[in-house]
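What follows is a short report on a single structure.
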Amino acid sequence: MQPSALRALEFDRIVEAVTGLALTPMGAETLAQLAPVTERARVEALLAETTETTTYLAANLLFPFRASADLPQTLDALAVEGRALDALRLLALATFLDSVDETRSAIRRAAGSYPRLEAASGGAASFKTETADARGKIDPSGDLVDHASPALEIIREKMRK
């Protein structure tokens with residue numbers, strides 16, 4: 001597509017507006033890279049996805065999907081073998097993982113048929129047990145609770161005495 005046509009259509013403003021709707025930093029990054037599509041089959045597929053998503057949102061408000069602004073850095077830290085996440089990042093990751101699970105469940109529970117959304121979300125694994133375990137061992141301020149491990153509980157009990 002000609003650059004002059006993109007300017008006339010204000011494509012950059014469209015991309016900026018759509019990017020502002022992103023629910024995660026990675027989504028915003030992906031949306032910021034949008035480019036015009038000219039292949040008929042791809043345009044039809046994208047329009048079908050958009051139509052299905054807007055139909056879902058009209059009936060169900062928003063996705064319960066949420067992520068912290070530093071989620072990309074947290075995911076990068078996970079890629080380093082043997083590197084532990086600090087407690088607050090671990091809680092933020094747990095929130096994100098729970099929101100993925102909640103979003104997948106909300107799509108499945110929704111009245112109506114949303115095959116494209118189900119296909120996009122259906123393969124996501126659930127980490128409910130792991131996130132509940134992390135939340136049970138870390139308080140909201142990021143401190144480990146006494147019962148996070150038997151050894152920690154013994155150490156803290158000795159320190160209190």
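As a basis for the values below, the full set of heavy atoms in this structure was taken, side chains included, without hydrogen atoms, waters or symmetry mates.
Annotation: ring-ring contact (aromatic ring centres under 6.0 Å, His included) contacts involving residues 7-62, sequence neighbours excluded, comprise Y56-F63, Y56-Y114. For residues 15-37, no residue pair satisfies the side-chain hydrogen bond (donor to acceptor under 3.5 Å, both in side chains) rule, not counting sequence neighbours.
A donor-acceptor pair shorter than 3.5 Å cannot be found between the side chains of S121 and R116.
Clustering ILVMFWY residues whenever any of their side-chain heavy atoms sit less than 4.5 angstrom apart, transitively, puts L34 in the very cluster that holds I14. Under the 4.5 Å side-chain heavy-atom criterion for grouping Ile, Leu, Val, Met, Phe, Trp and Tyr, V18 is not connected to L46 through any hydrophobic cluster.
S126 places a side-chain heavy atom less than 4.5 Å from the side chain of R104. Using a 4.5 Å heavy-atom threshold, the side chains of F127 and D101 count as separate.
Closest heavy-atom contact between A22 and L31: CB-CD1, 3.9 Å. Minimum heavy-atom separation, A69 to P25: O-CG, 3.6 Å. Residues T95 and R66 share a closest heavy-atom pair of CG2-NE, 3.6 Å. Across every non-hydrogen atom of G122 and R108, the tightest pair is O-NH2, 3.6 Å. The heavy-atom pair separating L88 from P140 by the smallest distance is CD2-O, 3.6 Å.
To the nearest 0.5 Å, atom CG of residue L91 and atom CG of residue D86 are 9.0 Å apart. Between the CG atom of N60 and the CZ atom of R109 there is a distance of 9.5 Å, given to the nearest 0.5 Å. Taken from NZ in K128 to CD in E102, the straight-line distance is 8.0 Å, to the nearest 0.5 Å.
Partners of L93 by side-chain contact (heavy atoms from CB on, under 4.5 Å), not counting sequence neighbours, listed by chain and number: L71, T74, L75, L78, L85, F96, L97.
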L90 vs I138, test: side-chain contact (heavy atoms from CB on, under 4.5 Å). Steps then yes/no.
CA-CA 9 Å; L90 187 57; I138 303 168; 3.6 Å; yes
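Between the side chain of D70 and the main chain of Q73, no donor-acceptor pair closer than 3.5 Å is present. Not a single donor-acceptor pair under 3.5 Å links the side chain of R40 to the backbone N or O of T38. Using a distance-only test at 3.5 Å, with no hydrogens or angles considered, no donor-acceptor pair links the side chain of T131 to the main chain of D98.
E10 and R13 are joined by a salt bridge, as a carboxylate oxygen and a charged side-chain nitrogen come within less than 4.0 angstrom of each other.
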